[in-house]
Structure formats: C-alpha cells, structure tokens
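Working notes for the structure below.
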Amino acid sequence: MRPGLAIIQVGNNPSSLTYVRKKIALCEENEVHHELHHFPESITQQEIVHQIRTLNQQGSIDGILVQLPLPPHLSRLEISNEIKPSKDVDCLHMANFQNLLQNGEDNDIIPCTPAAVLHILDTQEIDVRNQNVTVIGRSQLVGFPLSVLLLRRNAKVTICHSETTVQEHVEKADIVISCAGHKELVKGQWIKNGAKVIDVGITRIPGTNKIVGDIEFQKALSKVSFITPVPGGVGPLTVSMLFKNLYRVWCRSNGLKLNIDEQDEELDYAQNYQF
Ligand SMILES: Nc1nc(=O)c2c([nH]1)NC[C@@H]1CN(c3ccc(C(=O)N[C@@H](CCC(=O)O)C(=O)O)cc3)C=[N+]21
C-alpha cells in the first residue's frame with residue numbers, strides 16, 4: 001500500500017497556502033496518497049479533534065500533519081497531543097517530543113526543519129563541536145528542538161529570542177542559524193569573518209510573490225564562508241524531510257525494516273537542492 005499523508009489546514013494564512021500546495025505537489029509527483037482537510041477559521045476545537053481521531057483510525061493514512069500556525073482560539077498543544085504518536089510526522093505530540101529530547105538524532109522522528117538544518121551541516125561537513133553556535137528563535141517546531149540537537153553534537157549553543165539582544169551573540173558566533181521570521185533581522189556587518197550562516201527565516205513581502213530571509217544576504221556574502229539563500233535554501237529541504245519522516249512511519253506501520261540508503265535516495269528525487 002502507498003504511503004498516505006493527511007494535512008489539516010485551518011484558515012487561509014497565505015504562507016500556509018503556499019506550503020501546503022508544495023507538499024501536495026510533491027505527494028502527486030511521488031504517488032503518495034494524500035488528503036487535504038481544509039477548514040474555515042471558524043472551526044471549533046472539538047471539530048478538529050474529531051477529525052484527528054478519525055484520521056488516527058484510518059488505515060490509508062500513515063502521517064498526519066497539522067499545518068501551523070493555528071488561529072489563536074485553537075489550542076495547539078491539545079491538538080498536537082490528539083495525533084496518534086505513530087502518525088505524527090512533525091514530532092508535535094508530547095510523547096514524541098520527549099523521546100526526541102532523550103534520544104536526540106537516534107529518535108525515530110526529527111521535526112522537519114531541524115532535520116533540514118542538520119542535513120545541511122552534514123552535507124557541507126560543518127562540524128559544530130565546540131563551536132559557538134547562535135540560534136535565533138526558540139519555537140517548539142524549530143529553534144528549541146534544533147538547539148537541543150546541536151547541544152547533543154557538543155556545540156556551544158546560545159539561543160536568542162524576542163527578549164535578548166541579537167547583535168552581540170551574532171558577533172561571537174562561528175555558526176549562525178536564524179529561525180526568527182523577521183526580515184533582515186541579522187545585519188551583514190555583525191557577522192564574523194568566515195562564519196557559516198543558515199537562514200531558516202521566511203518573510204513574505206506584502207503585495208508581491210517575494211520572500212526574504214532573516215539575514216541581510218547581500219551584505220553577509222562578503223563575510224561568510226557559507227550561507228544558505230532564501231528562497232531555495234532550508235525551505236525546500238524542509239519539505240523533503242517531511243517525506244523522509246512519512247517514509248519512516250510508513251515503513252514502521254507496514255512492518256518493513258527501514259533501509260537508510262534507500263531512504264536517502266528517496267530524498268534526492270524529492271528535491272534538488274544546491275546552494
Ligand atoms: N506542522 C507544520 N509542519 C511544518 O513543517 C511547517 C509548518 N507546520 N508550518 C510552516 C513551516 C514552514 N514550512 C516550509 C515549507 C516549505 C517551504 C518552501 O518550500 N520554501 C521555498 C519557497 C516558498 C515560497 O515561494 O513561498 C523556499 O524557501 O525556497 C518553506 C517553509 C513548513 N512548516
């Protein structure tokens with residue numbers, strides 16, 4: 001049986017519309033069974049919970065993804081914990097999240113964006129051990145788990161957030177990973193010569209189709225020894241990692257042994273990425 005992915009989307013957040021469209025396009029390209037459950041902003045907590053419970057029972061669905069952010073009247077925590085842990089491709093359920101903290105990269109599921117960042121570090125052969133790594137942002141899906149995973153790789157991690165100054169921590173960083181979603185928050189001149197920079201942030205410029213990252217890219221270019229662009233950097237890889245996670249849960253639910261080499265091939269055909 002083909003892998004099956006259910007996406008739950010609430011409202012019409014323009015970024016979510018784009019991301020969901022990309023995920024569905026990849027499902028179609030790769031013959032992954034998919035269902036989009038798109039609800040109006042007015043949906044109640046109970047209705048969403050009911051939908052998740054139905055999908056939890058559904059044999060054709062291996063992975064359930066609740067597209068974030070949710071509107072403020074819905075409880076993300078409660079909704080996350082309704083997802084059957086074995087179908088949770090984003091590692092949102094608290095049991096999965098706890099396992100992630102305990103097992104680090106040995107965990108079954110690593111959330112898609114942190115997994116994308118680790119993949120970049122690995123393919124670029126960037127060793128974070130004993131390096132000053134400044135992570136900007138502490139969200140449950142990105143900054144926080146990523147920081148823990150970097151710590152387990154023995155990086156010296158500094159986490160910045162809305163109540164910290166950023167400049168001084170960027171200035172001392174060997175590696176900067178920005179996941180704030182604030183247009184050009186990190187000034188090129190702050191970056192240490194030779195530093196490596198991964199830009200996870202995406203901000204849409206209103207009234208255009210343009211997106212920009214958290215880093216002043218052009219100004220950073222003369223300083224860095226490596227930088228990922230926006231668009232065309234972490235974003236597309238994030239979607240590849242979703243498919244990697246889906247493949248994992250599908251293997252598990254079908255009693256198949258995971259073949260990691262095969263899995264990496266799956267990843268290559270899912271996206272072409274080149275920095
Ligand atoms: N439950 C959940 N899981 C997620 O994995 C999740 C989420 N919620 N909410 C939002 C973020 C963001 N995210 C991206 C997906 C694709 C691109 C992507 O393809 N970006 C392209 C272009 C995008 C564009 O043109 O707008 C690029 O950066 O080149 C970016 C970001 C997944 N997220």
Side-chain angles (χ1 to χ4, degrees), residues 5-27 29 34 36-39 48 51-52 55 63-71 74-83 85 87-94 96-97 100 109-120 137 139-146 177-183 198-215 217 227-246 248-249 267 270-275:
L5 176 69
I7 300 176
I8 296 180
Q9 185 186 357
V10 181
N12 289 309
N13 175 317
S15 303
S16 295
L17 289 172
T18 313
Y19 301 146
V20 167
R21 215 178 302 127
K22 281 183 192 296
K23 289 168 189 174
I24 289 178
L26 266 184
C27 284
E29 236 171 81
H34 56 280
L36 173 61
H37 298 273
H38 191 175
F39 298 105
I48 289 252
Q51 179 63 66
I52 292 175
L55 294 167
I64 301 172
L65 182 145
V66 178
Q67 185 69 27
L68 301 176
L70 290 168
L74 298 173
S75 158
R76 195 200 64 190
L77 271 185
E78 198 189 309
I79 287 171
S80 302
N81 290 329
E82 283 293 338
I83 302 170
K87 295 192 177 188
D88 173 24
V89 281
D90 268 328
C91 204
L92 285 175
H93 191 287
M94 66 179 173
N96 287 341
F97 197 73
L100 179 73
I109 295 291
I110 298 176
C112 305
T113 309
V117 172
L118 295 179
H119 185 82
I120 291 169
S139 66
Q140 200 211 322
L141 205 54
V142 186
F144 182 51
L146 177 61
I177 305 177
S178 190
C179 345
H182 278 261
K183 175 178 179 270
I198 298 180
D199 193 350
V200 184
I202 294 184
T203 307
R204 218 154 277 275
I205 311 284
T208 70
N209 282 329
K210 277 206 178 139
I211 56 172
V212 290
D214 288 353
I215 317 279
F217 186 80
I227 186 165
T228 63
V230 176
V234 177
L237 256 180
T238 296
V239 188
S240 303
M241 294 298 160
L242 165 67
F243 283 82
K244 185 169 176 174
N245 282 347
L246 182 67
R248 277 181 173 251
V249 298
L267 202 64
Q271 280 287 340
N272 281 319
Y273 48 87
Q274 247 174 17
F275 305 120

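Just so we're clear, the structure is a prediction, and the values are computed from it rather than from any experiment. Counting convention: from 1, in listed order, for ligands and their atoms alike.
For the atom pair CD1 of Ile109 and CG of Asn245, the computed distance is 4.0 Å after rounding to the nearest 0.5 Å. The distance from atom CG of Asp90 to atom CD of Gln67, rounded to the nearest 0.5 Å, is 8.0 Å.
Listed by chain and residue number, nothing satisfies the side chain to side chain donor-acceptor pair (under 3.5 Å) test with Arg21 (two or more places apart in sequence, or in another chain). Under the rule for a side chain to side chain donor-acceptor pair (under 3.5 Å), the partners of Asn12 that lie at least two apart in sequence or sit in another chain are His38. Taking the side chain to side chain donor-acceptor pair (under 3.5 Å) definition, one finds that Ser75 meets it with nothing, sequence neighbours left out.
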task = Any chance you could lay out the side chain to side chain contact (heavy atoms under 4.5 Å, CB included) test for Ile110 and Lys244, step after step, and finish with the verdict?
result = CA-CA 10 Å; Ile110 298 176; Lys244 185 169 176 174; over 6 Å; no
Between ligand 1 and the protein, give all atom pairs where both partners are nitrogen or oxygen and the distance is under 3.5 Å, as lines of names plus distance to 0.1 Å.
residue: ligand 1; atom: 1 (N); partner: Val66; partner atom: O; Å: 2.7
residue: ligand 1; atom: 1 (N); partner: Asp90; partner atom: OD2; Å: 2.7
residue: ligand 1; atom: 3 (N); partner: Asp90; partner atom: OD1; Å: 3.3
residue: ligand 1; atom: 3 (N); partner: Asp90; partner atom: OD2; Å: 3.0
residue: ligand 1; atom: 8 (N); partner: Leu68; partner atom: N; Å: 3.1
residue: ligand 1; atom: 9 (N); partner: Gln67; partner atom: NE2; Å: 3.1
residue: ligand 1; atom: 9 (N); partner: Leu68; partner atom: O; Å: 2.9
residue: ligand 1; atom: 26 (O); partner: Arg204; partner atom: NH1; Å: 3.4
residue: ligand 1; atom: 26 (O); partner: Arg204; partner atom: NH2; Å: 2.7
residue: ligand 1; atom: 29 (O); partner: Gly232; partner atom: N; Å: 2.5

